[in-house]
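Down below is the structure, laid out as structure tokens.
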Amino acid sequence: MKVSGFIDLKKKYKVSAFRWHVVELYRLELVSEKQILAELNISRNSLRIWNRAYQRYRLRRYYPSPKRARRMKSKTDEVALLKKQLADTQKLLQHEQLKREALEIMINIAEKELKIPIRKKPGPKQ
């Protein structure tokens, strides 16, 4: 197999198609590494870097990315935080209701014992 057919692709050196074709040739071992390096005038380091990038690209769908895992974790953290805030808010609401009941009882006792009208009377004439 002739590797020189990829030289046209090499003119567009940054195009990933050239890199993927070269790496596939290298991985399938249809052509020796030395022949690929010699005919395409690529450094061994570049070929290995491309190979690692190709491997990461191929295996990406099988392993969750750290960003995705972080997002999933943050959603669970967010749910836990919201649950905690809800519990705190419910405690505060219960405390305020008890406080309101205590004030109502104090006002009722003061109106009965001291005979002082504390609450406003409903209606237009007060």
Side-chain angles (χ1 to χ4, degrees):
M1 174 169 208
K2 292 216 172 198
V3 179
S4 58
F6 292 113
I7 293 177
D8 294 335
L9 285 173
K10 189 180 179 192
K11 291 177 185 174
K12 302 172 186 175
Y13 191 79
K14 302 237 178 204
V15 176
S16 62
F18 168 71
R19 293 177 181 180
W20 284 170
H21 288 299
V22 171
V23 170
E24 285 175 354
L25 276 177
Y26 172 70
R27 287 179 146 246
L28 292 173
E29 296 179 358
L30 297 174
V31 183
S32 69
E33 181 182 355
K34 288 182 182 181
Q35 187 179 359
I36 292 172
L37 298 177
E39 288 190 31
L40 295 177
N41 196 19
I42 301 172
S43 69
R44 176 173 280 150
N45 192 28
S46 294
L47 183 61
R48 289 183 178 167
I49 289 171
W50 295 350
N51 187 28
R52 281 193 298 268
Y54 180 86
Q55 184 177 0
R56 276 189 230 117
Y57 173 75
R58 289 298 212 181
L59 297 177
R60 182 174 53 195
R61 64 181 145 178
Y62 300 113
Y63 298 104
S65 67
K67 290 180 182 177
R68 184 174 180 207
R70 247 185 268 131
R71 261 188 272 133
M72 290 171 59
K73 185 177 179 183
S74 68
K75 285 182 181 178
T76 57
D77 289 345
E78 185 178 341
V79 169
L81 180 65
L82 289 173
K83 285 182 180 180
K84 183 181 177 194
Q85 286 178 347
L86 178 63
D88 291 343
T89 306
Q90 287 176 342
K91 285 180 185 177
L92 184 63
L93 177 64
Q94 187 178 12
H95 184 264
E96 291 298 321
Q97 286 174 344
L98 290 172
K99 187 176 176 182
R100 185 181 50 82
E101 286 179 29
L103 289 174
E104 290 283 330
I105 292 171
M106 285 175 39
I107 290 172
N108 289 339
I109 292 172
E111 284 182 340
K112 286 180 185 176
E113 289 185 5
L114 302 175
K115 296 182 172 82
I116 301 172
I118 297 173
R119 291 194 188 105
K120 293 182 177 180
K121 304 292 184 217
K125 292 183 181 179
Q126 295 186 6

By salt bridge (Lys or Arg N to Asp or Glu O under 4.0 Å) - contacts of R52 (at least two apart): none
Note: with side-chain heavy atoms under 4.5 Å as the link, the other cluster members for L98 come out as none
Supply the members, apart from L92, of the Ile/Leu/Val/Met/Phe/Trp/Tyr cluster built from side-chain contacts under 4.5 Å; use none for a lone residue. none
Restricting to side chain to side chain donor-acceptor pair (under 3.5 Å), what partner residues turn up for R27, sequence neighbours left out? N51
Considering residues at least two apart in sequence or located in another chain, which fulfil the side chain to side chain donor-acceptor pair (under 3.5 Å) criterion with R48? none
Reference residue E33; test side chain to side chain contact (heavy atoms under 4.5 Å, CB included); the match among L37, I36, V31: L37
Check the hydrophobic clustering (I, L, V, M, F, W, Y; side-chain heavy atoms under 4.5 Å; chains of links allowed) and say if L28 and L25 are grouped together. yes
List in chain and number order the residues that pass side-chain contact (heavy atoms from CB on, under 4.5 Å) with S43, two or more places apart in sequence or in another chain; answer none if no residue qualifies. N45, S46
Residues 99-114, side-chain donor-acceptor partners within the protein, below 3.5 Å, at least two apart:
| residue | atom | partner | partner atom | Å |
| --- | --- | --- | --- | --- |
| E104 | OE1 | R119 | NH2 | 2.8 |
| N108 | OD1 | R119 | NH1 | 3.0 |
| N108 | OD1 | R119 | NH2 | 3.0 |
| N108 | ND2 | E104 | O | 3.4 |
| E111 | OE2 | I118 | N | 3.3 |
| E111 | OE2 | R119 | N | 3.2 |

Minimum heavy-atom distance L47-I42, with the two atoms named: N-CG2, 4.2 Å
For E96, I'd like to know if atom CD has over 12 heavy atoms of other residues, nucleotides or ligands within 6.0 Å. yes
Listing request: all side-chain hydrogen bond (donor to acceptor under 3.5 Å, both in side chains) pairs with a residue in residues 80-91, at least two apart in sequence or in separate chains. none
Residues at least two apart in sequence or cross-chain that pass ring pair (Phe, Tyr, Trp, His ring centres under 6.0 Å) with Y54, listed by chain then number, are W20
